[in-house]
Amino acid sequence: MQKGSFSLTIPFRIFYLLFLGFGFLCFSQIAGAQAECPVQLSQQRVVVRYNGSVAVNCSTSVSHKGMGWESSEGAVPKTSNSLIIWRVSHLTEWEIQPSCYINYERQCLIELPVIIYKTPDNVSISIVKRTGPMIEGQQYELQCDVQNVAPVHNLTVKWYKGQTLLDQTNAIKYSRTPVNETVLLLIRPDRDDDGAQYRCEAELDLGAEGPQYPPNKTSDFLSITVYSKPIINETKLPSVVPVFRGYSEEIVCEAEGNPKPTISWILGTNDIVYNEVLTISESTPEYVSCVAENSVGTTTRNFTVFIQDISISTVNHTEPMIAGEQYDLQCSIKYVAPFKIVDVGWYKQNKNNIIETIKTPDILTYTVQIRPNRADNGSQFWCEAKLEAEGTQRTSTMKSANLSITVHFKPIINETKLPSTVPVFRGYSEEIVCEAEGNPKPTIIWILGTNYTVNNETLTISESTPEYVSCVANNSVGTTTRKVKVFIQVKPIINETKLPSVVPVFRGYSEEIVCEAEGNPKPTIIWILGTNYTVNNETLTISESTPEYVSCVAENSVGKTTRKVKVFIQVKPIINETKLPSVVPVFRGYSKEIVCEAEGNPKPTISWILGTNDIVYNEVLTISESTPENVSCVAENSAGKTTRQVKVFIQDISIRTVNHTEPMIAGEQYDLQCSIKYVAPFKIVDVGWYKQNKNNIIETIKTPDILTYTVQIRPDKADNGSHFWCEAKLEAEGTQRTSTMKSANLSITVHFEPIINENKLPSVVPVFRGYSEEIVCEAEGNPKPTISWILGTNDIVYNEVLTISESTPEYVTCVAENSAGKTTRQVNMVLKEDYLPLIAGLIAVTVVFISVIFIFIYSIYYKTAKMGHYSLKDAKPSAQNGDIAQNGKHSPIPMKKFSQSDILA
């Protein structure tokens, strides 16, 4: 990447040198004047931010005739003081040139250089004359615009890529007032710069008098996109690609570029494959090209496809091989330049046998000698050639097809399955098997004597079999014989009558058991009581500490017999008293289940004794008020029997009205009584009264046996059909166990006097003369009330509905009555006249009058508008008839002469 710099014309350079020379001359004169003028400044140069404050002392040590500060801002008049201060609180004069003067022998002055600085308003970065992506390797200009900065000759522009400083440029302009400055940087991006972020930073270098950290301002980041020509990965796509005959190979063409390149393969003039992956085989052309292309350019990678071939065979032999004999294997290689053979290897079943280093003729044949054994039957042999490309370190390996060989070998009898001595139990037969491995598969015969043979792998032997028998295995390669001795033995037999499989023992007692066994030779007896504990004796003493299972082992040279014995510890039943208390309450009219659970070994049977001959065989017993007061649970097994006595007592609670059996009358007072029958050992904790799920009264009660509690109620009509009940909470003496008794529901009937519906029967009812009207008297009450109407002294109507008219008395009364009382409602009948016919007549007369007027007006209009409407404009008398006028049209208009009186009429 090339860095940018300013290019200056020759005239501008000459002007710049003259400007420097003039400045040096002025500085020399000022310095000389300062050396002669007897005043001292507290600061030789001042750097101030625009609109900032400044203060500088001017002092002298000599007598003078006056001294002061000359300045466009903050001037100090001539004074006789030896110390004066030039001070400005807001310095905004860019070209200010303050000087301190003194009248000493003659007047002299010293100027104070003042630099007023201002950081840029904005710093921005852009690409000159470019909007799209950049192309790798081409040159571009970056532009940094610094707006409104002063002094510009102290400006340094720094260029960054990411966090790396690329270049920095000092401004050439000279201006003490704010100006805009533009700085350029030449770059030549490469593919690694794709996505790189550039920025520029404007910094004011104000010298030692300036701020400790030079004021600066940075632009936003400029992110660039760099397009680059594709580069094909040559590591993954070598210039020479081998492929084995009869096989295919996948090769990959990967290319890097921006935009992402498209990949194609050129296999011939018109054969193009568009894919990154190409499958090659022996049919693929020798020369293939991969083309990677994008909008920047095209890259091509040419490579050569060559076919490798390798084969393996036996030399002068086509039949099966015989184990132990020697044979030659031959490896033939067809080799194609530019590869050379590094080495050739021979392999059998993944195990390398021989490796040889080979030279490089085109057709190579290599031979190896093998001596197969029976384990090589069916083995796979192959050879491999390692190739190396000329002039590179890239290698390739050729592998031949597998050569499977068949090996014939003499039979080998399996001595593990056919030992030299075979025992057989007296009175039993035994099968022995002669298995032999060989190729070809051998035939098996048994020789049991001089002339007795059995043609089978399996031989059944018994105590009648000769002491020695022979197994003969034979095939085309040879014969193998195995001699076997038949030995009659008797395996131990344990007397199971004397040693049962289950032996009971009571807890706290011991018991002796005996293990007797017969066998030949005489067996030895041991007891196994655990993993590492044995007893060498026929007799074993057992107790509750003995393991649950013990084994008697009888063993001799023939074998061993094991008898497993379960030691069964008998435990008398133990009834769970927590689940079966000694006293069980049950509410009268209800049933309840109680459970008798017992532990024991063996598992006990459970029965309930309810009387002399009443026994229930079940763990669960349902009790009720009919159950006897005393019941017993009996748990029994072979170890004993346990009994638990249970007392059943009946709890009862009831609710009723006191001295009242008829329906209640709304608003009157009645007593409800709750009677409780209580049986120890329970005590009453509290009694509650309830109505429709709502608790009315809760009282705390003491503990006599028979308790009666009364509550007063005053029902209203809403209580009709309501349910009342009482509940008593009980607690067992000495425990926290509680029980709750609830009485049956008491449903009450409430009678109340009728209530007439005044909404449907108003106190004043209008009736029009000549019409009738129905009024309804509805009343609510319990029992349902009867309705009657009183129209006079002896005129009564028994009905809810009454038809009224102008003949009905002015006042009528509705009477609603039931057994709870009577309610009346008086109704005032107001007679009204019916003006509807009169109004209808007036409307009819009005309609007739309006119709007559309309017809009259219409007839006048018809006569004037429809029966003759002529225009006399431009009318001309007819020559033929003076009474005919012509209006210029075809139809003549007849005309009549009117007199003045006709016209006026």
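One-based numbering along the sequence shown. All values derive from a computational prediction rather than experimental measurement.
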NZ (Lys729) with more than 12 external heavy atoms under 6.0 Å: no

Would you be so kind as to tabulate the donor-acceptor pairs closer than 3.5 Å made by side chains of residues 72-80, with sequence neighbours excluded?
from	atom 1	to	atom 2	distance (Å)
Glu73	OE2	Glu93	N	3.1
Thr79	OG1	Asn81	N	3.3
Thr79	OG1	Asn81	ND2	3.4

Would you say the ring centroid of Trp69 lies under 6.0 angstrom from that of Tyr101? no

Verify the ring-centre separation between Tyr104 and His64: is it less than 6.0 angstrom? no

Please check if the side chain of Ser99 supplies one atom and the backbone of Ile110 the other of a donor-acceptor pair under 3.5 Å. no

Would you give the length of the straight line joining atom [atom1] of [X] to atom [atom2] of [Y], rounded to the nearest 0.5 angstrom?
{"X": "Arg199", "Y": "Ser219", "atom1": "CZ", "atom2": "OG", "result": "7.5 Å"}
{"X": "Glu203", "Y": "Asn216", "atom1": "CD", "atom2": "CG", "result": "5.5 Å"}
{"X": "Thr182", "Y": "Gln147", "atom1": "OG1", "atom2": "CD", "result": "9.0 Å"}
{"X": "Phe303", "Y": "Ile232", "atom1": "CZ", "atom2": "CD1", "result": "10.0 Å"}

When you look at Lys217 and Asp121, which way does the salt bridge (Lys or Arg N to Asp or Glu O under 4.0 Å) test go after all the steps? CA-CA 9 Å; Lys217 192 174 186 66; Asp121 291 343; over 6 Å; no

For residues 53-61, which side-chain N or O atoms pair as donor and acceptor with protein atoms under 3.5 Å away, sequence neighbours left out?
from	atom 1	to	atom 2	distance (Å)
Thr60	OG1	Pro38	O	2.6
Thr60	OG1	Val62	N	3.3

Can you sort out the partners of Glu105 under side chain to side chain contact (heavy atoms under 4.5 Å, CB included), two or more places apart, ordered by chain and number? none

